[in-house]
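Please read these numbers as outputs of a predicted model, since none were measured by experiment.
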Amino acid sequence: MMHELVHSWFGDSVSPATWADLWLNEGHADYYGLLYRYERGWPDAWGHTTLVDRMRMLYGLGDQWRHDAGPVASPTADNLFDSQRYTGGALVLFALREKVGAATFDRIERTFLREHRYGNATTRDYVRTASEVSGQDLRGFLDDWLYGRRTPPMPGHPDWTVAPVGAVPAAGERAAGPGAQEASGTI
């Protein structure tokens, strides 16, 4: 339910300008839905009870997901509603928060929503807002996370590793197992 409530801001108040910007809706909805879950200590289908633990698991799947469904902000008609737009988008937001810190991340979010309220926004608008609010040029950082074919290093977590492509089940295979709704981003 929290996922859908977040769409009041990311989706309804600020709508994506193009289908490639869908991650702005779904990534935010998944990120805040997961945050809500873990703040209450509710375990997910894999037994994770913290956002950091869940993000570490998702990070390990990053290259496989990029291989199977392309980069987060580069969907095709066939994979538009794939996990990449949902939990892949949440991972991008987590990486940004790790890079700029919680207070700056919160200011980025509020500024983006305020500046684009009752309208459409693009991924470029989000990147521009993040750069302006943080006082850092985040274009390269976010471009790697949003458009890169390989999962970039996670800020603050040099010990996190990404499994090689083929070492984890393909997206369609994951969706058939336990917790498939969460794995597909429909939590």
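Between R110 and V133 the shortest side-chain heavy-atom distance does not fall below 4.5 Å. Looking at heavy atoms from C-beta onward, K99 lies in side-chain contact with Q136 at the 4.5 angstrom threshold. Residues L35 and M2 fail the side-chain proximity criterion, which asks for heavy atoms closer than 4.5 Å. Residues T122 and T18 have side chains not in contact (no heavy-atom distance under 4.5 Å, counting atoms from C-beta outward). Side chains of W145 and V72 form no contact here, defined as non-hydrogen atoms less than 4.5 Å apart. Inter-residue side-chain proximity for D21 and D125 is flagged as unmet; no heavy-atom pair is nearer than 4.5 Å. Counting heavy atoms from C-beta outward, V14 and L24 have side chains that stay 4.5 Å or more apart. In this structure, the side chains of D159 and R56 come closer than 4.5 Å at one or more pairs of heavy atoms.
Here the options are Y38, F105, W9, the test is ring-ring contact (aromatic ring centres under 6.0 Å, His included), and the partner is Y31; only F105 passes.
In terms of heavy atoms, G41 sits closest to T49 at O-CG2, 4.3 Å. Closest of all the heavy-atom pairs between A90 and D30 is CB-CB, 4.1 Å. The minimum heavy-atom distance between R37 and P43, with the atom names listed, is NH1-O, 2.7 Å. The two residues G148 and R66 come nearest to each other via the heavy atoms O-NH1, 2.5 Å. Nearest heavy atom pair, residue R139 against residue S131, reads N-OG, 3.9 Å. When every heavy atom of N25 is checked against every heavy atom of P16, the shortest pair comes out as OD1-CD, 3.2 Å.
Neither V165 nor V162 shares a network with the other; the hydrophobic side chains, linked directly or stepwise wherever heavy atoms of I, L, V, M, F, W or Y lie under 4.5 Å apart, form separate groups for each.
Between the side chains of T104 and R107, at least one donor N or O lies within less than 3.5 Å of an accepting N or O. In summary, the side chains of D63 and T151 do present a donor paired with an acceptor at a separation below 3.5 Å, with no hydrogens or angles considered. Side-chain contact of R85 with N79: a donor-acceptor pair under 3.5 Å is present, judged by distance alone.
Taken to the nearest 0.5 Å, the OH atom of Y118 stands 11.0 Å off from the CG atom of L113. Interatomic distance, CG of L91 versus CG of L61, reported as 9.5 Å (0.5 Å rounding). Note that CZ of R124 is 7.5 Å distant from CG of L146, once rounded to the nearest 0.5 Å. We find the OG1-NE2 distance between T111 and H116 to be 9.5 Å, quoted to the nearest 0.5 Å. To the nearest 0.5 Å, atoms CG (D12) and CG (L5) are separated by 10.5 Å. The line from CG of L138 to CG of L96 is 6.5 Å long, rounded to the nearest 0.5 Å.
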Could you please spell out the steps behind the side-chain contact (heavy atoms from CB on, under 4.5 Å) verdict for Y32 and F10?
CA-CA 11 Å; Y32 288 110; F10 293 95; 4.2 Å; yes

Go through L34 and M55 one step at a time and tell me if the side-chain contact (heavy atoms from CB on, under 4.5 Å) criterion holds.
CA-CA 10 Å; L34 290 169; M55 293 296 114; 3.8 Å; yes

List the steps, then state whether side-chain contact (heavy atoms from CB on, under 4.5 Å) holds for Y36 with M1.
CA-CA 10 Å; Y36 183 84; M1 177 162 311; over 6 Å; no

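For H7, the ring-ring contact (aromatic ring centres under 6.0 Å, His included) test picks out H3, with sequence neighbours left out. Looking at residues two or more places apart in sequence or on another chain, you find a ring-ring contact (aromatic ring centres under 6.0 Å, His included) between Y126 and W23, H28, F112. Not a single ring-ring contact (aromatic ring centres under 6.0 Å, His included) links Y147 to another residue, sequence neighbours left out.
At distances below 3.5 Å, at least one donor-acceptor pair connects side-chain atoms of Q84 with backbone N or O atoms of G70. D44 places a side-chain N or O within 3.5 Å of a backbone atom of H48 that can act as its donor or acceptor partner.
Counting heavy atoms of neighbouring residues, nucleotides and ligands inside a 6.0 Å radius, atom NE2 of H157 exceeds 12 of them.
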